[in-house]
Amino acid sequence: MTAALRKRTRRAACALISTSLAGLANFAAHAEIVVTANDGKMVLENGSAVVRKQPLPDTVSVIDFTDGALKLLGEVPAPASVVGPPPSVAIAPHGAFALVTGAMKLDPADPTKTVPDDKLSVIDLKSTPPKVLATLQAGAGAAGVSINRAGTLALVANRSEGTVSVFTISGRTLAPVGKIQLGDAKSGPSHAVFSHDGATALVTRDGDSKISLLTVDGSKVEYAKRDLSAGIRPYDIDVTGSAAAIVGNVGASSGDNDSISLIDMTAKPIRVVTTVTVGQTPEAVKMSPDGNYVAVTVMNGSNKPSASPFFNDFGLLKVYKISGTDLTPVTEAKIGHWCQGMVWSKDSKYVVAQCMVENELIAFSFDGKALNKTSTLKMQVSPAGIRTAEP
């Protein structure tokens, strides 16, 4: 990185911190927050993700979205990446801190390229402005991250080395306690989620199209040597409640319709029970806190070259009803380009989606029948990862 580029980066980081000071004045009074991880390195140019000519600092943003109204509370510079599924953020059950991974960084030898990174940042959400408490090492390509409901354990999927990192949590302090080898470096562990009771975990592997089952006993986490089969390239995965999990299968990026799959967590053994097509590239999946619905951000070809026969000038936010082991389409809404993750409000009445090209968050109300836009929030850095404190 040149001296001039370093100077511009420092100026941009200072500006972001100054902005955050005003927005966080009443942080403690807000009960409904979302945390986003923002990638300042990458931009989409006619269907190709490339490094910006003038990279910005990666940041983490704290946002109030009470009643579907989006308001930036504060930001702090920290490593983040659009590479990997959108749950590159996890919030502790008590809401005191967030964990954020940074799967890729600028190549020190060639800043026009990126290379895998292993960073896991601990972000203090109670300070004004938010601050980085610690920076730890997970594994190469650190991507999806989750915290168990007890707030005692965290898992990080390392996409570039075929492993899952395990960390114990005491207060706001994390300690590494080992790695689980799932496959070779190309197996692509993408996201890891705990079951509702914390006794098991599921890990998507988009490199070899498997979903691996882990057993959890205290701080001891082991590969159960059992893999589920859903669709081509399982990527994002979510668990809400004890009955089901949902996984998005991003496919081969060949223009074909891709799918989401429902996993019955009550079956013995746990198994995939339903798969439905949703369109091109379901980037993110999220179950509503009440367990009745699944929201999906679908690329819909919006990330392809404009001359591609599979290009569409918009992405889609879709909602499906969960009825036992059935998934039924309810409604959909157009969103922007190269859109990443989404989250539900605690009462399951609002959904917030994030779009990289437009540099914005979009909030919708949901009444069980339709999605209606309530607000948008423009971001200084492209939003790539997202999470709320989950039930």
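For this chain, numbers begin at 1 and follow the sequence in order.
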For the residue pair [Y] / [X], report whether a side-chain donor-acceptor contact shorter than 3.5 Å exists.
X: N38; Y: S382; result: no
X: T66; Y: D64; result: yes
X: S302; Y: N300; result: no
X: R159; Y: T101; result: no

Any chain of hydrophobic side-chain contacts (each under 4.5 Å) joining [X] to [Y]?
X: I123; Y: V89; result: yes
X: V319; Y: I362; result: yes
X: V203; Y: V177; result: yes

Interatomic distance, [X] atom [atom1] to [Y] atom [atom2] [nearest 0.5 angstrom]:
X: L99; Y: L133; atom1: CG; atom2: CG; answer: 10.0 Å
X: D118; Y: T135; atom1: CG; atom2: OG1; answer: 10.5 Å
X: D290; Y: I322; atom1: CG; atom2: CD1; answer: 8.5 Å
X: L202; Y: L228; atom1: CG; atom2: CG; answer: 6.5 Å
X: R226; Y: I211; atom1: CZ; atom2: CD1; answer: 10.5 Å
X: S146; Y: L155; atom1: OG; atom2: CG; answer: 7.0 Å

Close side-chain approach of [X] to [Y], heavy-atom, < 4.5 Å:
X: S165; Y: N158; answer: yes
X: L316; Y: K334; answer: yes
X: V276; Y: I260; answer: yes
X: V83; Y: T114; answer: no
X: V352; Y: M342; answer: no
X: W338; Y: M299; answer: yes
X: I246; Y: L327; answer: yes
X: Q280; Y: N303; answer: no

Atom of [X], atom of [Y] and distance for their closest heavy-atom approach:
X: A96; Y: R172; result: CB-CD, 4.3 Å
X: P79; Y: V100; result: O-CG1, 3.7 Å
X: Y350; Y: G68; result: CD2-CA, 3.5 Å
X: S209; Y: P234; result: CA-CD, 3.4 Å
X: A69; Y: S375; result: CA-OG, 3.7 Å
X: T163; Y: E161; result: OG1-OE2, 2.7 Å

Practice problem: Please assess K286 against W344 for the test side chain to side chain contact (heavy atoms under 4.5 Å, CB included), listing each intermediate value before the final yes or no. | Solution: CA-CA 8 Å; K286 197 70 183 172; W344 290 86; 3.7 Å; yes
Does the pair [X]/[Y] count as a salt bridge with the N-to-O cut at 4.0 Å?
X: K41; Y: D58; result: yes
X: D208; Y: R205; result: yes
X: D258; Y: R233; result: no

With a cut-off of 6.0 Å (strictly less than), are more than 12 heavy atoms of other residues, nucleotides or ligands near [atom1] of [X]?
X: K369; atom1: NZ; result: no
X: K349; atom1: NZ; result: no
X: I232; atom1: CD1; result: no
X: D367; atom1: CG; result: yes
X: K321; atom1: NZ; result: yes
X: Q137; atom1: CD; result: no

Donor-acceptor contact present, side-chain [X] to main-chain [Y], <3.5 Å:
X: D238; Y: M287; result: yes
X: T266; Y: A243; result: no
X: K318; Y: V294; result: no
X: S127; Y: P129; result: yes
X: S195; Y: T200; result: yes
X: Q354; Y: G341; result: yes
X: N312; Y: G315; result: no
X: S259; Y: T275; result: no
X: S348; Y: S288; result: no
X: Q181; Y: G183; result: yes

Quiz item: For residues 37-99, which residue pairs qualify under disulfide bond (SG atoms under 2.5 Å apart), counting only residues two or more places apart or in two chains?
Solution: none
Practice problem: Please list all pairs passing the disulfide bond (SG atoms under 2.5 Å apart) test where one or both residues lie in residues 348-391, with sequence neighbours left out. | Solution: C339-C355
Exercise. Have a look at Q340 and tell me which of D39, V82, T36 forms a side chain to side chain contact (heavy atoms under 4.5 Å, CB included) with it.
Key: V82
Self-check item: Among D236, T204, V239, the one residue meeting side chain to side chain contact (heavy atoms under 4.5 Å, CB included) with V247
Solution: T204
Practice problem: With side-chain hydrogen bond (donor to acceptor under 3.5 Å, both in side chains) as the test, would you mind laying out the steps for T328 and D326 before giving the verdict? | Solution: CA-CA 6 Å; T328 306; D326 292 332; 5.9 Å; no
Practice problem: Begin from the C-alpha positions of F97 and L174 and carry the test side chain to side chain contact (heavy atoms under 4.5 Å, CB included) through to its verdict. | Solution: CA-CA 11 Å; F97 67 87; L174 272 71; 4.3 Å; yes
Practice problem: Determine, step by step, whether V35 and R387 satisfy the side chain to side chain contact (heavy atoms under 4.5 Å, CB included) criterion, reporting the C-alpha distance in whole Å, the side-chain angles of both residues, the deciding distance to 0.1 Å, and the verdict. | Solution: CA-CA 6 Å; V35 175; R387 209 73 167 269; 5.7 Å; no
Quiz item: Hey, mind stepping through K304 and S253 against side chain to side chain contact (heavy atoms under 4.5 Å, CB included) and telling me if it holds?
Solution: CA-CA 9 Å; K304 294 188 180 300; S253 300; 4.3 Å; yes
